[in-house]
Amino acid sequence: MNSTMSNLRQKLIDIVQNEATHEGINTTRIPYVQLFKASNVTQMLHMVYEPALFVIVQGAKIVMLGNTYRYDPLSYLVSSVHLPVSGQIVEASNTCPFLSIQITFSTEQIYEIIEQSHDLRLEETNDASLALCQEPIAEEILEVIYRQLSLFNTPKDIEILAPLYHKELLYRILQLNSTTILRQYASLESNASRISKVIRFMQNDLFEPIHIQTLADVAKMSVSSFHKYFKDVTSMSPIQYRKQNRLQEARRLMMAKQLDVSSAAFEVGYESPSQFSREYSRLFGLSPKADIKRLLGK
């Protein structure tokens, strides 16, 4: 990391430390920007990544989805669709907390930029790569993120300038990205894009009964092709994907809304609380009650 990048990183550290006033997720005045702070390393935790850019300015983290990704201020992650992942903060302390930035985006925003730039257009492909990639951080990316986060100091400029910086950031990612993953998901007839459409469909009806044939029809694929490409994109089967999302949401409801185990199970579509508890324990390593008690520090 050269001196200019190091200076930009230090400025971002200062901004995030100032704005992230509490541990965990901190929302900001820019709707699609969230900041995260952790003063301690963590165990391996399960979470759902939405389509977003993830940049660490201090500390380090391991993310697992098929492969294991270790990223820090020298690299960043991009998730192209909603993905259930496992993550662990491996570098953090009270004096040097883990600090990161999440900037979300939509497929439509990526598609708009590609349509406006002939250099970014991708030839149609049958490939469907894993919807999570790691790339080395670049000065151009840090610089536009710094300009975006600097708007916290001039709130009156956010409405006009934040969308411009957001578009510029996505353009830089597409321009500098050594892979074509994001472009695959913005190519309307690509298999990656079709699976992305199915994932958006599943997110809208996550807790209702659904058949694989219905999902294959949404993707305009045969059932066998749908299974193959879905696993290429998410590293799991459609059933596993749906199950992990439902259990993640149940966990959130028990923590945020203090729902009991049975209520949370029914809320996310389980008919049997005992089946819910078994599958929850298998994923999170503890029973629902014990897990929530641990997370709440009781």
Side-chain angles (χ1 to χ4, degrees), residues 1-42 45 47 49-64 68-80 85 87-105 132-155 157-158 161-179 181-182:
M1 186 175 285
N2 61 39
S3 59
T4 301
M5 291 177 67
S6 296
N7 289 335
L8 284 169
R9 178 191 164 214
Q10 186 57 55
K11 290 177 180 178
L12 286 169
I13 289 173
D14 294 341
I15 293 173
V16 176
Q17 283 185 319
N18 185 60
E19 295 289 330
T21 56
H22 59 267
E23 297 284 304
I25 297 172
N26 291 256
T27 57
T28 72
R29 284 158 285 185
I30 303 175
Y32 42 81
V33 176
Q34 291 185 334
L35 309 177
F36 190 91
K37 176 183 178 181
S39 299
N40 296 288
V41 297
T42 67
L45 300 174
M47 62 205 75
Y49 276 180
E50 56 188 315
L53 165 74
F54 301 90
V55 175
I56 294 173
V57 295
Q58 185 166 272
K61 186 175 184 178
I62 290 173
V63 173
M64 297 181 65
T68 299
Y69 304 86
R70 188 188 192 281
Y71 75 114
D72 54 30
L74 296 177
S75 61
Y76 65 91
L77 285 185
V78 176
S79 173
S80 303
V85 303
Q88 180 179 16
I89 295 171
V90 293
E91 288 184 16
S93 67
N94 284 322
T95 56
C96 193
F98 173 89
L99 301 171
S100 68
I101 303 161
Q102 174 182 322
I103 301 176
T104 58
F105 57 82
L132 187 70
C133 68
Q134 181 178 14
E135 293 290 333
I137 198 71
E139 184 178 325
E140 294 91 334
I141 291 176
L142 284 178
E143 199 274 331
V144 69
I145 292 174
Y146 170 66
R147 280 189 279 120
Q148 185 150 76
L149 267 60
S150 293
L151 292 175
F152 296 151
N153 297 321
T154 56
D157 295 333
I158 288 177
L161 295 181
L164 299 178
Y165 296 157
H166 190 240
K167 186 173 184 177
E168 180 185 352
L169 176 61
L170 296 179
Y171 172 72
R172 294 299 180 194
I173 294 170
L174 287 164
Q175 183 186 51
L176 297 168
N177 200 334
S178 64
T179 72
I181 289 176
L182 271 182

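All values below come from the heavy atoms of this structure, side chains included, with hydrogens, waters and symmetry mates left out.
- Residues meeting the side-chain contact (heavy atoms from CB on, under 4.5 Å) test with N2, sequence neighbours left out: T4, M5, E139.
- Shown here is F152, whose CZ atom has more than 12 heavy atoms of other residues, nucleotides or ligands within 6.0 Å.
- Scanning both residues, A38 and A92, for their nearest heavy atoms gives O-CB, 3.5 Å.
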The test is ring pair (Phe, Tyr, Trp, His ring centres under 6.0 Å); show your working for Y76 and F54 and say whether it passes. CA-CA 6 Å; Y76 65 91; F54 301 90; over 10 Å; no

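- Summarising the local packing, CD1 of I25 is surrounded by 12 or fewer heavy atoms from other residues, nucleotides or ligands at distances under 6.0 Å.
- Here the straight-line distance linking atom OG of S39 with atom NZ of K37 works out to 5.0 Å at 0.5 Å rounding.
- For Q17, there are no side-chain hydrogen bond (donor to acceptor under 3.5 Å, both in side chains) partners two or more places apart in sequence or in a different chain.
- For T28 (side chain) and V33 (main-chain N/O), a donor-acceptor pair under 3.5 Å exists by modelled atom type.
- Checked by atom type and distance alone, the side chain of N26 pairs as donor or acceptor with a backbone atom of G24 at under 3.5 Å.
- The minimum heavy-atom distance between P73 and Q58, with the atom names listed, is CG-N, 4.0 Å.
- Atoms CG and CG, on L164 and L169 in that order, are 12.5 Å from each other to the nearest 0.5 Å.
- Between the CG atom in L12 and the CG atom in N7 there is a gap of 11.0 Å [rounded to 0.5 Å].
- A salt bridge links E168 to R147: at least one charged side-chain nitrogen sits closer than 4.0 Å to a carboxylate oxygen.
- Contact detail for K61 and V90: the closest heavy-atom pair is N-CG2, 4.0 Å.
- The backbone N or O of Y146 lies less than 3.5 Å from a partner atom in the side chain of S150, making a donor-acceptor pair.
- Side-chain rings of F105 and H166 stay apart, their centers remaining 6.0 Å or farther from each other.
- For the pair Y49/L132, a side-chain contact is recorded, criterion being any heavy-atom separation below 4.5 Å from C-beta on.
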Return a table of donor-acceptor pairs under 3.5 angstrom between the side chains of residues 94-102 and protein atoms on other chains or two or more places apart.
unit_1: T95; atom_1: OG1; unit_2: S93; atom_2: OG; d: 3.3
unit_1: Q102; atom_1: NE2; unit_2: E50; atom_2: OE2; d: 3.2

### Query
Please walk me through it: do Q134 and S75 pass side chain to side chain donor-acceptor pair (under 3.5 Å)?
CA-CA 7 Å; Q134 181 178 14; S75 61; 3.0 Å; yes

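- Rounding to the nearest 0.5 angstrom, the gap separating the CD1 atom in I141 from the CD atom in Q175 is 9.5 Å.
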The test is side-chain contact (heavy atoms from CB on, under 4.5 Å); show your working for I145 and L53 and say whether it passes. CA-CA 11 Å; I145 292 174; L53 165 74; 4.0 Å; yes

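- For the side-chain contact (heavy atoms from CB on, under 4.5 Å) with I30, the qualifying choice from L149, I158, I103, L161 is I158, the only one to do so.
- Here the side chains of V85 and M64 are not in contact, with every heavy-atom distance at 4.5 Å or above.
- Counting only distance, with no hydrogens or angles, the side chain of Q88 and the backbone of T42 share a donor-acceptor pair below 3.5 Å.
- From L174, atom CG reaches atom CG of L170 across 7.0 Å, with rounding to the nearest 0.5 Å.
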Walk me through whether K11 and E143 qualify under salt bridge (charged side-chain N to carboxylate O under 4.0 Å, His left out). CA-CA 10 Å; K11 290 177 180 178; E143 199 274 331; over 6 Å; no

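- For the pair F36 and V16, the minimum side-chain heavy-atom distance is 4.5 Å or more.
- A distance of 9.0 Å separates CG of L74 from CD1 of I137, quoted to the nearest 0.5 Å.
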